[in-house]
Amino acid sequence: MRFWRRPHGDSTLGSVDNAAVAAVFAEMGDLLAIVGGDTYRSRAFRNTARVIEGLRAPLKDLRMLGQLTSVPGLGAGSIERVHQILQTGTCPEHQRLLARLPRGLQALLQVRGLGPRHARLAWEHLGVTSLEHLELAARSGLLARVPGIGPLTVERVLRDLDGRKQAPPARLLLSEAIVLGDALVAWMLDDPHTIKAEQTGSARRRRETVGDLDVLVASTRPALSSTRFTAFPGVREVLMAGDGRASVILDNGVQADLRLVAAENWGAGQHYFTGSKAHNIAMRLRANAHKLALSEVGVWERKLRGRGRGEDNRQLARRLSPCTDEHDVFAALGLPFIPPELREGEGEIEAAIAGRLPSLVEDQDLIGETHLRARTASDALQLAHALGRRGRRWAIWVRPAVELVEHEARRRFRQAARRIGSTTGVDILCGVEVGIDLNGAMVATNGTLETLGSNVLDDICAAVDVVLGDVSVPPDVTVDRGLATARVLSAISSGRFHGLMRLQGRRLPNAPAGLDIDMRMVLLAAARQRVFVEVSGEPDRLDLDARGCRVATETGALLAISGRPQDNQHLGQGRFALWQARRGWVTAAATVNALPLAQLRTHLRLSLVGSDVDDVVHTGDHELGTAVDDSSDDSSDDGSDDSSDDSSDDSSDDPLFLPHRRQELRVRLAAFLHGESDPELLGVLLKRGDNTLLSAFAILNGLAQDGSDG
DNA sequence: GCCGTTTTCGGCCCGACTGTTTTCAGTCG
Ligand SMILES: Nc1nc2c(ncn2[C@H]2C[C@H](O)[C@@H](COP(=O)(O)OP(=O)(O)OP(=O)(O)O)O2)c(=O)[nH]1
Ligand SMILES: [Mg+2]
Ligand SMILES: [Mg+2]
């Protein structure tokens, strides 16, 4: 389609993203575990990998802004290595380990039941360096003769290797995991010894994808419950089964774990099995700091500082609380209840200690549904009835622009909305979904290759209450971070959109990252322009994701928690959007859905404020074009002529633009774009026009072509 | 390697199951 043509050439500058840096730390952690020695050092590296994966900004940005030192879990050593890895993709420690051990050894750890010790033994005795080698060694009988590895271990290894040939390990959608978990829970409840049963693990934390099914059962007869579990009709293989826990593989290749607790330890069991692992460890550390010990059987007094292997807390001390209710776990540690969605080990315990836990948005806060996707008026009517029963008082019915080309179609749309509102008591606002081209301008999304004229678009926008911009681009169009950010900033400041959807354009479970974009910058701009951003409940999208939601809460951007039901069958998916928002620390006040209709209407007017639209769009396009062209041009320039383009700007003679202050300017622009106040810089930017964010962005992109990363 | 309203040194989560171990190490959730 014409409007997907890129305004500039491809820039394929390879860059080291957070995931790549985290992967190096994870590899170092794994290799250190195989080498043996200090296990804490290995664990520290793995923890650093986890911390980096959870960051909400690129390491590059954090480095430039000097914020790496304030990341908990990153010490001086890791920061040094982050610098090195960002520049070269590796670091001396990494190289030392690779010189000592073959790289393929890390892959052996993927095999279930085979850990660092066995990997090392297989390598030392048999020279095994890959999964293929491992399989040969196992089948030939050599592996079973390695001291410390026996025939049963080998059999298990082969079963796992066979299993991953049939179905490579994959994560489930949350929606799928809940369906499967419900079946398992029902199976366990249909047993006389089951007192309680519940799905826990990442599904209870509402992670967007789920690795396995974790079921907690309180039982009067644990051994019998364990047998019941392994007799579930979908079980292909029993990995282990005791009277405390059991693990199986189901026919679809998914693992299911059972944990059994006494009824009086239900709350402690819930807390343990809900995780996350990082949250559990952090909670247990806090317990220890208070001379307590926390586990899935309650909270205990702790007499000794350290604890030898095999020593049991219960023999060492007195139990304070069995934690029958999950609240007891937190109460025993002097903490308020932390909702499962927040338990990722990403600052929730610190927030709880400080009394700064957010009061998360709840279903009952949502008095409006921000995206109804009915294709017919009768579907919309049914939906409105159902939404009314769920306590919604208004809804936005969104239709694609192509369906509203004719004046008559728009009239019928509005008429149907009014009629549905008066019959159901749920007020219906009319919305249109439009596309956004690579310059950030509005276009019609149209599957039939016709582009709508701008006058038609204007007519459509004028006829509806809400204009929703679809940020996503076709899969075959590549958009780099700079362009992705620029076009969305431009769209936001155009004043033509009330809201944006599919900001990341991601698909679960295989493309969870979606488009690379400067989320903080975009959401800050959205907050200022009062453009809302949708969190979609479509189970394979959940776009904006939880991480983005948390950035939204930090920047003050308003979110629309959108179920996007097409008909009553899809009504339930709204909860997925709500859950992701909750995972992003979102409060009711940060959602469109909590606004009474009158306030919503006021808000909608505000997003178009300053809507001398032409003016804004023109400025935006101009700045953007410069920025984009600069950043994509051959960046091997020696820099001798790079500033000539900017010399016509009024502000370029400001002292800030002197060559020796380049790095300072870069840092200050980046900080400004991420929400820090800088009155002097603001003054300079204002000389260039009203849209200071776009100006700052354009200048920063111009500086970026110097090639250095700072 | 990271960290600090009891520590700047000396800790670092804790328990269940399995196999090869003759008393417990390895692996996992
Ligand atoms: N204390 C402690 N708890 C753990 C550890 N590993 C796992 N758990 C707890 C917390 C986890 O959420 C829970 C279930 O383990 P899983 O391996 O299934 O992880 P989880 O469900 O969180 O993620 P997943 O989607 O399955 O990858 O068990 C651990 O090393 N220590
Ligand atoms: Mg799990
Ligand atoms: Mg599990």
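Each chain gets a letter, A, B and so on, in the order the sequences are listed, and its residues count up from 1. Being a predicted model, the structure only gives us computed values, none of them experimental.
Salt-bridge annotation for A/Arg156 and A/Glu237: absent, with no side-chain N of the basic residue lying under 4.0 Å from a carboxylate O of the acidic one. Salt bridge status for A/Glu346 with A/Arg547: absent, with no side-chain N to carboxylate O gap under 4.0 Å. A salt bridge links A/Arg205 and A/Glu344; the closest N-O separation between the charged side-chain nitrogens and carboxylate oxygens is under 4.0 Å. A/Asp30 and A/Arg46 are joined by a salt bridge, as a carboxylate oxygen and a charged side-chain nitrogen come within less than 4.0 angstrom of each other. The pair A/Arg245-A/Glu296 fails the salt-bridge criterion, with no side-chain N (NZ, NE, NH1 or NH2) lying under 4.0 Å from an Asp/Glu carboxylate O. Taking the charged nitrogens against the carboxylate oxygens, A/Arg520 and A/Glu554 do have a contact shorter than 4.0 Å, which makes a salt bridge.
The partner of B/dT8 cannot be assigned: no Watson-Crick or G-U wobble pair with both contacts below 3.5 Å exists in any strand.
Between A/Arg284 and B/dC13, a side-chain N or O to OP1/OP2 separation shorter than 4.0 Å is absent. Phosphate contact (OP1/OP2 of B/dG29, side-chain N/O of A/Ser247, threshold under 4.0 Å): absent. Contact check, A/Arg259 against B/dC14: no side-chain N or O comes under 4.0 Å of OP1 or OP2. Distances shorter than 4.0 Å separate some side-chain N or O of A/Thr153 from OP1 or OP2 on B/dT20. Taking side-chain N and O atoms only, A/His118 has no distance below 4.0 Å to OP1 or OP2 of B/dG26. Taking 4.0 angstrom as the limit, A/Arg156 places none of its side-chain polar atoms (N or O) nearer than this to OP1 or OP2 of B/dG19. The shortest distance between the side-chain N/O atoms of A/Gln255 and the OP1/OP2 oxygens of B/dG29 is below 4.0 Å. Note on A/Arg41: a side-chain N or O is less than 4.0 Å away from OP1 or OP2 of B/dG1. Put simply, A/Asn288 has a side-chain N or O that comes within less than 4.0 Å of OP1 or OP2 on B/dC14.
Distance check on atom C1': B/dT21 versus B/dC17 gives 15 Å, rounded to whole Å. Between the C1' atoms of B/dC3 and B/dC13, the separation comes to 16 Å (whole Å). For B/dG15 and B/dT20, the P atoms lie 26 Å apart once the distance is rounded to whole Å. Across the C1' atoms, B/dT6 and B/dG11 are found 14 Å apart, a figure rounded to whole Å. The gap from the C1' atom of B/dT8 to that of B/dG1 amounts to 15 Å, rounded to the nearest Å.
The side chain of A/Asp38 lies closest to B/dG1 when the candidates are B/dC13, B/dG1, B/dC14. Of the candidates B/dG1, B/dG26, B/dC14, B/dC14 carries the atom nearest the A/Ser295 side chain, counting heavy atoms from C-beta on. Checking B/dG29, B/dC14, B/dC13 against every side-chain atom of A/Phe273, the shortest atom distance belongs to B/dG29. Residue A/Lys291 places its side chain closer to B/dT6 than to any other of B/dT6, B/dC13, B/dG29. The listed nucleotides are B/dG29, B/dC14, B/dT27; the one nearest the side chain of A/Arg245 is B/dG29. Listed candidates were B/dG19, B/dC14, B/dT27. Nearest to the side chain of A/Ala293 is B/dC14.
At the heavy-atom level, A/Gly275 lies nowhere under 4.0 Å from the strands shown. Among the heavy atoms of the strands lying under 4.0 Å from A/Asp243 are primed sugar atoms or P, OP1, OP2 only; no base atom is included. Within the nucleic acid shown, A/Tyr272 comes within 4.0 Å of at least one base atom, counting heavy atoms only. Using a 4.0 Å heavy-atom criterion, one finds that A/Ala289 contacts the bases of the nucleic acid, with or without backbone contacts as well. Contact annotation for A/Ser78: backbone-only contact, meaning every heavy-atom pair under 4.0 Å involves sugar-phosphate atoms and none involves a base. Within 4.0 Å of A/Asn280, counting heavy atoms only, lies no atom of the nucleic acid at all. Nucleic acid contact for A/Arg112: sugar-phosphate only, since backbone atoms but no base atoms lie under 4.0 Å from a heavy atom of the residue. Across all strands shown, A/Val111 has heavy atoms under 4.0 Å from sugar-phosphate atoms exclusively, and none from any base. Using a 4.0 Å heavy-atom criterion, one finds that A/Ile281 contacts the bases of the nucleic acid, with or without backbone contacts as well. A/Arg81 comes within 4.0 angstrom of the backbone, heavy atoms only, and of no base.
As rounded to whole Å, 18 Å separates atom P of B/dT27 from atom CG of A/Asp257. Atom CG of A/Leu285 and atom P of B/dG11 are 14 Å apart (whole Å). Computed from coordinates, the A/Trp300 CH2 to B/dC13 C1' distance equals 16 Å when rounded to whole Å. Going from atom CE of A/Met283 over to atom P of B/dG15 covers 15 Å, rounded to whole Å. As a whole-Å value, the separation of A/Gln110 CD from B/dT27 C1' is 16 Å. Summarising the geometry, the separation between CG on A/Leu292 and P on B/dT6 is reported as 12 Å, rounded to the nearest angstrom. Atoms CD1 (A/Ile149) and C1' (B/dT27) sit 13 Å apart, rounded to a whole Å. Rounded to whole Å, atom P of B/dC2 lies 7 Å from atom CZ of A/Phe45.
No donor-acceptor contact under 3.5 Å links the side chain of A/Tyr40 to the base of B/dG11.
Only one option out of A/Arg582, A/Arg206, A/Arg204, A/Arg207 pairs with A/Glu341 in a side chain to side chain donor-acceptor pair (under 3.5 Å); it is A/Arg582.
The aromatic rings of A/His279 and A/Phe330 are tilted relative to each other, their planes meeting at an angle between 30° and 60°.
For A/Arg286, the CZ atom counts as densely surrounded, since its 6.0 Å shell holds more than 12 non-hydrogen atoms of other residues, nucleotides or ligands.
For A/Leu152 and A/Glu296, each mapped to the nucleotide of DNA chain B holding its nearest heavy atom, the one lying further toward the 5' end belongs to A/Glu296. Sequence order on DNA chain B of the closest nucleotides to A/Pro72 and A/Gly113 puts A/Pro72 first from the 5' end.
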